[in-house]
Amino acid sequence: MIKPLRKAVLPVAGLGTRFLPATKAMAKEMLPIVDRPLIQYSVDEARAAGIELFCMVTGRGKTELVEYFDVAYELETTLRERGKREALQALRDSSTAPGTMVTVRQQVPLGLGHAIWCARAFIGEDPFAIMLPDDLVLSEVPCLKQLADAYYETGGNVVAVVEVPRAQTNRYGVLAIGADDGRLVEVKGLVEKPEPAKAPSTLSIIGRYVLMPSVLRHLANLERGAGGEVQLTDAMARMIGEGPFHGLRFEGHRFDCGDKAGFLEAQIAFALKRPDLGPMVRAFLPRYVAS
Ligand code: UTP
């Protein structure tokens with residue numbers, strides 16, 4: 001029986017060194033794309049995929065991420081008194097229902113695998129999604145919804161994958177591929193950040209996963225891997241053969257907002273999609289690109 005997917009883990013305890021000094025006193029996941037912080041996009045995408053329960057894995061200096069999901073009742077009262085309806089609506093979208101978001105601390109940033117392991121009490125015996133808020137996907141059907149649909153088809157683990165240039169495989173978890181129908185790929189092996197010459201393919205994992213809870217057992221027994229961190233990819237590699245394990249070539253465009261150029265590209269792409277901003281952005285962009 002395929003268990004329903006209701007839980008998501010949002011690891012947000014990383015140091016965000018690529019965005020220093022901005023991230024010296026604020027969480028990377030609070031950086032806005034247009035007018036919404038990265039974390040809001042993740043929560044909205046998760047809700048659209050049927051997720052009801054959230055666990056943020058936070059760390060030092062990430063308190064505002066927790067406060068962000070509070071109801072700002074004083075502010076709401078003021079806005080209501082002043083008749084600011086649109087602003088009120090924007091606020092409403094940014095809180096979660098009572099009791100649906102918990103946080104755990106990752107006291108030391110020992111890697112993504114360690115962050116997920118810190119959420120073990122929340123995960124329990126259930127399948128769960130992982131969303132890395134700095135990966136944004138612009139698509140017709142929200143990326144996690146595509147993953148959830150694939151999970152209900154196949155059961156087992158499903159990870160979102162994209163083709164990357166071979167020169168960039170050393171930034172990703174990379175798949176060794178079995179059967180491939182062009183959409184779903186059977187995962188035969190996984191390597192974290194392989195050198196281009198040694199990469200088994202160029203199909204790489206981005207920050208959306210649906211995993212079985214047995215990954216926790218493997219995470220508990222892992223040594224530190226690439227970069228001295230506990231690697232989620234290494235734990236997932238040990239799950240191959242336990243049950244179905246697929247990569248999904250999702251529909252949509254992914255932006256790596258943990259990277260400065262990716263972040264800027266996302267600003268433009270998301271602004272162009274907005275009816276209130278798109279025409280303005282389209283009008284001023286040529287001024288900056290004309291040679
Ligand atoms: P990144 O590899 O982007 O690392 O983490 P980072 O620390 O956030 O940023 P840079 O590379 O220093 O600029 C991918 C995701 O895993 C989380 C991050 O918060 C991010 O969502 N993470 C990473 C943790 O929660 N804990 C860790 O120990 C490492």
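Note that ligands are numbered from 1 as they come in the structure, with each ligand's atoms numbered from 1 the same way.
Taking atom 2 (O) of ligand 1 as the reference point, the nearest protein heavy-atom neighbour is R18 NH2, 4.2 Å. In this structure, atom 7 (O) of ligand 1 lies nearest to the protein heavy atom L15 N, 2.7 Å. The protein non-hydrogen atom at the shortest distance from atom 12 (O) of ligand 1 is T17 OG1, 2.5 Å. Looking only at heavy atoms of the protein, atom 16 (O) of ligand 1 is closest to L112 CD1, 3.7 Å.
Between F122 and F128, a ring centre-to-centre spacing not shorter than 6.0 Å is recorded. Two rings, from F54 and F69, have their centers 6.0 Å or more apart.
Contacts between V12 and ligand 1 below 4.0 angstrom, taking non-hydrogen atoms only, involve the backbone exclusively. When heavy-atom distances to ligand 1 are checked against a 4.0 Å cut-off, K28 comes that close only through its side chain, counted from C-beta outward. Using a 4.0 Å cut-off between heavy atoms, H114 makes no contact with ligand 1 at all.
Residue G111 has at least one heavy-atom neighbour below 4.0 Å for each of these atoms of ligand 1: 26 (N), 27 (C), 28 (O), 29 (C). Applying the 4.0 Å criterion to heavy atoms of P109 picks out, from ligand 1, the atoms 28 (O). Atoms of ligand 1 lying under 4.0 Å from any heavy atom of E29, numbered from 1 in the order shown and given with element: 19 (O), 21 (O). The ligand atoms of ligand 1 that sit less than 4.0 angstrom from a heavy atom of A115 are 24 (C), 25 (O), 26 (N). For ligand 1 and L110, the ligand atoms under 4.0 Å from any heavy atom of the residue are 28 (O). Heavy-atom proximity to Q106, at under 4.0 Å, picks out these atoms of ligand 1: 24 (C), 25 (O), 26 (N), 27 (C), 28 (O). Close contacts between ligand 1 and D134 involve ligand atoms 3 (O) [criterion: under 4.0 Å to a heavy atom].
Of the residues L232, T233, V57, the one that meets the side-chain contact (heavy atoms from CB on, under 4.5 Å) test with L112 is L232. Here the options are V191, T202, L190, the test is side-chain contact (heavy atoms from CB on, under 4.5 Å), and the partner is L175; only L190 passes. Tested against E52 for a side-chain hydrogen bond (donor to acceptor under 3.5 Å, both in side chains), the candidates K7, R6, R47 yield a single pass: R6.
No more than 12 heavy atoms of other residues, nucleotides or ligands sit less than 6.0 Å from atom NZ of K84. At most 12 heavy atoms of other shown residues, nucleotides or ligands fall within 6.0 angstrom of atom CD in E86.
There is no protein heavy atom less than 4.0 angstrom from atom 5 (O) of ligand 1.
Side-chain atoms of E251 and S139 include no donor-acceptor pair closer than 3.5 Å.
Residues L219 and W117 come closest through the heavy atom pair CD1-N, 3.9 Å.
For residues 102-125, no pair satisfies salt bridge (charged side-chain N to carboxylate O under 4.0 Å, His left out), with sequence neighbours left out. Within the structure, the salt bridge (charged side-chain N to carboxylate O under 4.0 Å, His left out) test picks out the following pairs touching residues 128-139 (sequence neighbours left out): K28-D134, D135-R254.
By the 3.5 Å distance cut-off applied to N or O atoms, G16 is counted among the residues near ligand 1. At a 3.5 angstrom cut-off on N or O pairs, L132 does not count as close to ligand 1. Taking only nitrogen or oxygen atoms, main chain and side chain alike, E229 does not reach within less than 3.5 Å of ligand 1.
Of the options A13, G258, P11, the smallest heavy-atom separation from atom 21 (O) of ligand 1 is shown by P11. The option from A119, G59, G14, G207 that lies nearest to atom 22 (N) of ligand 1, judged by heavy atoms, is G14.
No donor-acceptor pair closer than 3.5 Å links the side chain of Q106 to the backbone N or O of C118.
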